[in-house]
Amino acid sequence: MTFTLLNTRAQVGIDAPPVDVEVHISNGLPMFTMVGLPETAVREARDRVRSAILNSGFEFPARRITVNLAPADLPKQGGRYDLAIALGILAASAQVDAGGLDSVDCYAELALNGECRRLECLLPAMIASQRAGRNVIIPVQNRDEAALLPDLPARLAASLAAVCASLNGGGALPEACPSPTLPPNPDDIDLADVIGQQQARRALEIAAAGGHHLLMVGPPGCGKSMLAQRLNGLLPPLDDDEAMQCASIRSVSRQALNPANWRQRPFRSPHHTVSPVALVGGGSDPRPGEISLAHHGVLFLDELTEFDRRSIEVLREPLETGQIHISRASRQALFPARFQLIAAMNPCPGGCDSIRECDCSAEQLSRYRHKLSAPLLDRIDIQLETARLRMPEISAGAATPEQSSARVRERVARARGRQLERQGSLNARLANRELARHCAIAQEDEKMLLAAIDKLHLSLRSYHKLLRLARSIADLAAAPRIQRAHLAEAISYRKLEKLQA
């Protein structure tokens, strides 16, 4: 047999399209040709594969060898194709029996002595193989990632010689053992630790219930960062699909996966010096940024006005669509970015107590407020002013048990359950065409809402966001319809836009 076909997968963003490794050996002068848009690391596989075959005790064919990586228009990079290429050459030269590889995807980079080396960014490929109902052969060093997929038949390869011995009847390769299900880590921070800020607590609960974005404006030391850091404790745990998406993004970004907490919602808090590329992703070989690493979790931007304006303006599209499309001259990638934005800022550069009581000059205020554009603010559902704590609040001490993270999380879970049962998604993600059905209000209430929109000079987008916000408030109250009190509370969370204008 002079032709053989094996299977593997490439990496494009967090997707893993299938790749056919076709190997043909023919008569002629000894030559090793590789086609199919291979990049430098893939072309160098010729030397790695030749040495690995020889050092594993096999004969390298002194004939014309052609390797095609199909489809031809898909760029291939990295060393993940080494094992499939080597097995294809050995099968085409009748040195191993490749009959057992018809339903197997092979992934491994080969060392010159034939050992299989660990691969980065492999989890998305294994997830795709599992969905396609295929088995995989992976390096032993990738056992931790394979253990996250209990339904994936994964075989661990220490070397090319071990794989060939298994194919020739020498015994099966060891299996990857599923990792035990670990309980979530106990909360080390609790909402009850926050003193005062009752309105901010309420806003945080509403944001958690409906998946809304939140901006807190207040003087230094009033508890904005403490509140933001406790949002994750109010959210329900990730389901299996969400956890796998988050793990895939971490794998592609070359961040280690911890089996003890890989199911926890991500919380990302980049420094204000972060670049636009680090925030949204990019590079010549596109990788996910902070917004994708916060997928299904929280992105906290502290001191929002200290961020470079170009950095935060790139958040507009992902805030609306839940994804980011990165285009480069030679490559494109689509990364998910369904994050919940929590931002905090001071009311003025001098750190005054409130926007209304500011001693800064008109020029200072104008320069400070124009660091945030109106289109960006328009995309933030809840805009709240937090006040400096007074002595009675400080003396009162910690919150009541009803305001603990555990109790709030129960209320949030019930509200989210109502949303998923009614419309199949969180309120913040309701499409505009669904608002009339799920966010209907009485005629008199609509007149009040339109009057508030006109008085506060809000946009049509803000009108839709107010309806979604009022629906979340109603869900927390277990109300079947939006009532005037729910609308009034929702409007109170948008008054800050007028003060910032």
Side-chain angles (χ1 to χ4, degrees), residues 1-12 16-112 114 116 119 125 128-129 132-139 153 155 157 159-170 172-173:
M1 182 178 185
T2 59
F3 174 84
T4 188
L5 170 66
L6 284 91
N7 304 102
T8 184
R9 290 181 180 271
Q11 179 209 331
V12 180
V19 172
D20 294 337
V21 180
E22 302 172 338
V23 180
H24 179 245
I25 299 179
S26 60
N27 294 327
L29 293 175
M31 183 178 297
F32 194 158
T33 304
M34 190 175 299
V35 296
L37 210 58
E39 296 191 352
T40 302
V42 183
R43 292 196 300 269
E44 291 174 347
R46 293 176 297 189
D47 299 313
R48 293 194 299 271
V49 167
R50 179 185 291 107
S51 296
I53 289 176
L54 293 174
N55 288 319
S56 298
F58 295 96
E59 177 185 351
F60 190 82
R63 302 165 67 186
R64 183 182 181 89
I65 302 173
T66 304
V67 175
N68 178 37
L69 305 177
D73 59 345
L74 177 68
K76 288 86 179 177
Q77 59 179 340
R80 63 174 60 198
Y81 309 99
D82 289 6
L83 179 61
I85 293 171
L87 292 176
I89 293 174
L90 293 175
S93 59
Q95 299 184 71
V96 299
D97 181 10
L101 296 177
D102 294 339
S103 60
V104 176
D105 291 337
C106 302
Y107 309 101
E109 177 184 337
L110 295 178
L112 297 184
C116 295
L119 290 177
S129 296
R134 299 180 63 82
N135 303 347
V136 298
I137 297 177
I138 61 172
R155 297 286 181 172
S159 65
L160 174 62
V163 177
C164 294
S166 174
L167 294 174
N168 289 333
L173 294 171

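Because the structure is predicted, anything quoted here is derived from the model rather than measured. Computed from heavy atoms alone, side chains included, the values below leave out hydrogens, waters and symmetry copies.
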Open item on the list: Quick check: closest heavy atoms across Leu74 and Ala10, and the distance to 0.1 Å?
Closed with: CD2-CB, 3.8 Å
Open item on the list: Working to the nearest 0.5 angstrom, can you tell me the gap between Gln77 CD and Arg43 CZ?
Closed with: 12.5 Å
Open item on the list: Between Ile89 and Ile53, does the side-chain contact (heavy atoms from CB on, under 4.5 Å) criterion hold? Intermediate values first, please.
Closed with: CA-CA 9 Å; Ile89 293 174; Ile53 289 176; 4.1 Å; yes
Task: For Ala98 against Asp102, the heavy-atom pair lying closest together - done: O-OD1, 4.2 Å
Open item on the list: Let's go through Cys106 and Asn7 carefully: what are the C-alpha distance in whole Å and the side-chain angles of both, what is the deciding distance for side-chain contact (heavy atoms from CB on, under 4.5 Å) to 0.1 Å, and is it a yes or a no?
Closed with: CA-CA 6 Å; Cys106 302; Asn7 304 102; over 6 Å; no
Task: Leu6: which of Val19, Val104, Leu87 passes side chain to side chain contact (heavy atoms under 4.5 Å, CB included) - done: Leu87
Open item on the list: If you compare all heavy atoms of Ala157 against all heavy atoms of Cys116, which two are closest, and at what distance to 0.1 Å?
Closed with: O-CB, 3.5 Å
- [ ] Supply the atom-to-atom distance Arg134 CZ to Arg9 CZ, rounded to the nearest 0.5 angstrom.
- [x] 7.5 Å
Open item on the list: Return the CG to OG distance between Leu110 and Ser56, rounded to the nearest 0.5 Å.
Closed with: 7.5 Å
Task: Heavy-atom closest pair, residues Ala52 and Gly114 - done: CB-CA, 3.8 Å
For residues 59-71, tabulate all N or O donor-acceptor pairs below 3.5 Å that involve a side-chain atom, not counting sequence neighbours.
from: Arg63; atom 1: NH2; to: Asn27; atom 2: OD1; distance (Å): 3.3
from: Asn68; atom 1: ND2; to: Glu22; atom 2: OE1; distance (Å): 2.9

TODO: Indicate yes or no: at least one non-hydrogen side-chain atom of Val21 is less than 4.5 angstrom from one of Leu5.
DONE: no
Task: side chain to side chain donor-acceptor pair (under 3.5 Å) against Gln95, all qualifying residues, sequence neighbours excluded - done: Ser93
Open item on the list: Can you tell me how far apart OG1 (Thr2) and CD1 (Ile25) are? Round to the nearest 0.5 Å.
Closed with: 7.5 Å
Open item on the list: Using the rule given for side-chain contact (heavy atoms from CB on, under 4.5 Å), can you reason through Val136 versus Tyr107, listing the C-alpha separation, both sets of side-chain angles and the distance that settles it, and then say yes or no?
Closed with: CA-CA 7 Å; Val136 298; Tyr107 309 101; 3.8 Å; yes
Open item on the list: Just by distance, no angles: are the side chains of Asn135 and Arg155 close enough, under 3.5 Å, to form a donor-acceptor pair?
Closed with: no
- [ ] Check Gly78 against Val42 and note the closest heavy-atom contact, atom names and distance.
- [x] O-CG2, 3.4 Å
TODO: For residues Gly88 and Thr4, report the shortest heavy-atom separation together with the two atoms involved.
DONE: O-CG2, 2.9 Å
- [ ] For the residue pair Glu39 and Lys76, establish whether any side-chain heavy-atom pair is separated by less than 4.5 Å.
- [x] no
- [ ] Begin with the C-alpha distance, continue with both residues' side-chain angles, and end with the deciding distance and a verdict on side-chain contact (heavy atoms from CB on, under 4.5 Å) for Leu90 and Cys164.
- [x] CA-CA 9 Å; Leu90 293 175; Cys164 294; 3.5 Å; yes
Open item on the list: Test: side-chain hydrogen bond (donor to acceptor under 3.5 Å, both in side chains). Region: residues 78-87. Which pairs qualify, not counting sequence neighbours?
Closed with: Arg48-Asp82
Task: Distance-only polar pair, side chains of Asp105 and Thr8, donor-acceptor under 3.5 Å - done: no
